[in-house]
Amino acid sequence: MIVRADLARHPADVAPALLGAVLTSTREDGQVAVRLTEVEAYAGVGEDPGSHAHRRRTPGNTTMFGEVGHLYVYFTYGMHWCLNIVTHADGLAGAVLLRAGAVIRGEPIARSRRPAATRDRDLARGPARLAAALGVDGSLDGVDLLDLASPVRLLPPQDAPTDASPAIRTGPRTGVAGPGAPTPWRFWFDGEPTVSPHRPAQPRGTPRHPAAADPRRPTG
DNA sequence: GCTGCGATTGACT
DNA sequence: GTCAATCGCAGCT
């Protein structure tokens, strides 16, 4: 049983404790459960340049400033949803990004939602893939993960800790550049095949499209 | 009002 | 390894 107080701490403290926890989503087409294998911590205003809440509260990040234990869902790259669990000490804004997991229940449903996945381990391998496998989008932003009646719920690890539990590893976060980049706030299970490949942040200022490329196309 | 870019992914070479 | 897809928001004018 996960209680609110477990999440009312700094996201960097909460994040490793969430590894192995189970996220379940119950949607119209069925229930899918995922065991978390990779997470990243994002702290609040001023403290963490990589966080959505770094600058100030906006309509888009309001959930991050709200009660801990709620789901923060954001839209990125014009097509992907990403899931976070709101966690912070009193009066701050913080969240743990759910980067990857292993589907432990409802695999056929997850597969139907992720037709591009060719292997089981790819069903929830990556933040947007995890959201897709669970069937979660922006309409579920702000739901209480600790409410029994919620469509998305957070449950403690189902297996008792044993010597065989995978070691937790840490490293710099994915896609975060600038002053906050070296902060080792990415946590994952060592050797887990569902952990997403780490991609270093792309340096800014180097145009990806050469000037010769004209975005206009002839009609056709 | 306009512009650039992002806590990404999948297809293609 | 490289690159296109696609849109809401922040920052600037």
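Both backbone and side-chain heavy atoms feed into the values below; hydrogens, waters and symmetry mates do not. Keep in mind that what you see is a predicted model, and the values were worked out from it rather than measured. Protein chains get the first letters and strands the later ones, always in sequence-line order, with residue 1 at the start of each.
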- Write down the distance between OH (A/Tyr42) and P (B/dG6), rounded to a whole number of angstrom. 12 Å
Protein-nucleic acid N or O pairs under 3.5 Å, nucleotides 10-12 of chain C:
| from | atom 1 | to | atom 2 | distance (Å) |
| --- | --- | --- | --- | --- |
| C/dA10 | OP1 | A/Thr58 | OG1 | 2.7 |
| C/dG11 | OP1 | A/Arg55 | NE | 2.6 |
| C/dG11 | OP1 | A/Arg55 | NH1 | 3.2 |

- Other cluster members, A/Leu92 - Ile/Leu/Val/Met/Phe/Trp/Tyr, side-chain contacts below 4.5 Å: none
- Output all residues satisfying salt bridge (charged side-chain N to carboxylate O under 4.0 Å, His left out) with A/Glu67, sequence neighbours left out; order by chain, then residue number. A/Arg4
- Ring-on-base stacking B/dA7 with A/Tyr74 (under 5.5 Å, under 30°): no
- Please write out which residues are connected to A/Trp188 in a hydrophobic cluster, directly or through intermediates, given that two of Ile, Leu, Val, Met, Phe, Trp, Tyr count as joined at side-chain heavy-atom separations below 4.5 angstrom. A/Val195
- Quickly work out the A/Glu38 CD to B/dA7 P distance and round it to whole Å. 15 Å
- Task: Check the distance between C/dG8's P and A/Asp137's CG and give it to me in whole angstrom.
- Result: 14 Å
- Query: Within this structure, what is the CZ-to-P distance between A/Arg119 and B/dT9, rounded to whole angstrom?
  - Reply: 17 Å
- Okay, side chain of A/Ser51, backbone of A/Ala43: is any donor-acceptor separation there less than 3.5 Å? yes
- Message: Distance check needed: C/dC7 C1' versus A/Trp81 CH2, whole Å only.
- Response: 10 Å
- Message: Under 4.5 Å between side-chain heavy atoms, counting indirect links through other Ile/Leu/Val/Met/Phe/Trp/Tyr residues: same cluster for A/Ile168 and A/Val96 or not?
- Response: yes
- Can A/Asp141 and A/Thr63 be counted as having a side-chain donor-acceptor contact under 3.5 angstrom? yes
- Message: Does B/dT9 have OP1 or OP2 under 4.0 Å away from a side-chain N or O of A/His80?
- Response: no
- Item | For A/Asp90, side chain to side chain contact (heavy atoms under 4.5 Å, CB included) partners two or more places apart | none
- Message: Testing the 3.5 Å rule here: is there a donor-acceptor pair between the side chains of A/Gln31 and A/Ser25?
- Response: no
- Query: Atom CE of A/Met79 to atom P of B/dG6: distance rounded to whole Å?
  - Reply: 14 Å
- Message: Please classify the nucleic acid contact of A/Gly126 as base, sugar-phosphate, or nothing, using heavy-atom distances under 4.0 Å.
- Response: sugar-phosphate
Contacts under 3.5 angstrom, residues 10-21 of chain A side chains, donor-acceptor by atom type, not counting sequence neighbours:
| from | atom 1 | to | atom 2 | distance (Å) |
| --- | --- | --- | --- | --- |
| A/His10 | ND1 | A/Ala12 | N | 3.0 |
| A/His10 | NE2 | A/Glu47 | OE2 | 2.8 |

- Across all chains, not counting sequence neighbours, the side chain to side chain contact (heavy atoms under 4.5 Å, CB included) partners of A/Pro182 are none
For nucleotides 10-12 of chain B, print each protein N/O atom paired with a nucleotide N/O atom at under 3.5 Å, atom names and distance only.
| from | atom 1 | to | atom 2 | distance (Å) |
| --- | --- | --- | --- | --- |
| B/dG10 | OP1 | A/Arg114 | NH1 | 2.5 |
| B/dG10 | OP2 | A/Arg129 | NE | 2.6 |
| B/dG10 | OP2 | A/Arg129 | NH2 | 2.6 |

- From CZ of A/Phe75 across to C1' of B/dC5 the rounded distance in Å is 14 Å
- Does the ring of A/Tyr77 meet both stacking tests against the six-membered base ring of C/dA5: centre distance under 5.5 Å and plane angle under 30°? no
- Partners meeting salt bridge (charged side-chain N to carboxylate O under 4.0 Å, His left out) with A/Arg125 (sequence neighbours left out): A/Asp122
- For DNA chain C, what string of dots and brackets results from 5' to 3' when Watson-Crick and G-U pairs need both distances under 3.5 Å, crossing pairs get [ ], and pairs with another strand get |? |||||.||||||.
- Would you say A/Thr87's side chain and A/Ala8's backbone share a donor-acceptor pair under 3.5 angstrom? no
- Note on the structure: Besides A/Val22, the hydrophobic cluster formed by Ile, Leu, Val, Met, Phe, Trp and Tyr side chains linked at under 4.5 Å, directly or via other members, contains A/Ile104, A/Leu155
- Item | Members of residues 82-111 of chain A that approach DNA chain B, where some heavy atom sits under 4.0 Å away | A/Asn84, A/Leu97, A/Arg99
- Query: Strictly by modelled atom types, are A/Tyr42 and A/His54 linked by a side-chain donor-acceptor pair under 3.5 Å?
  - Reply: no
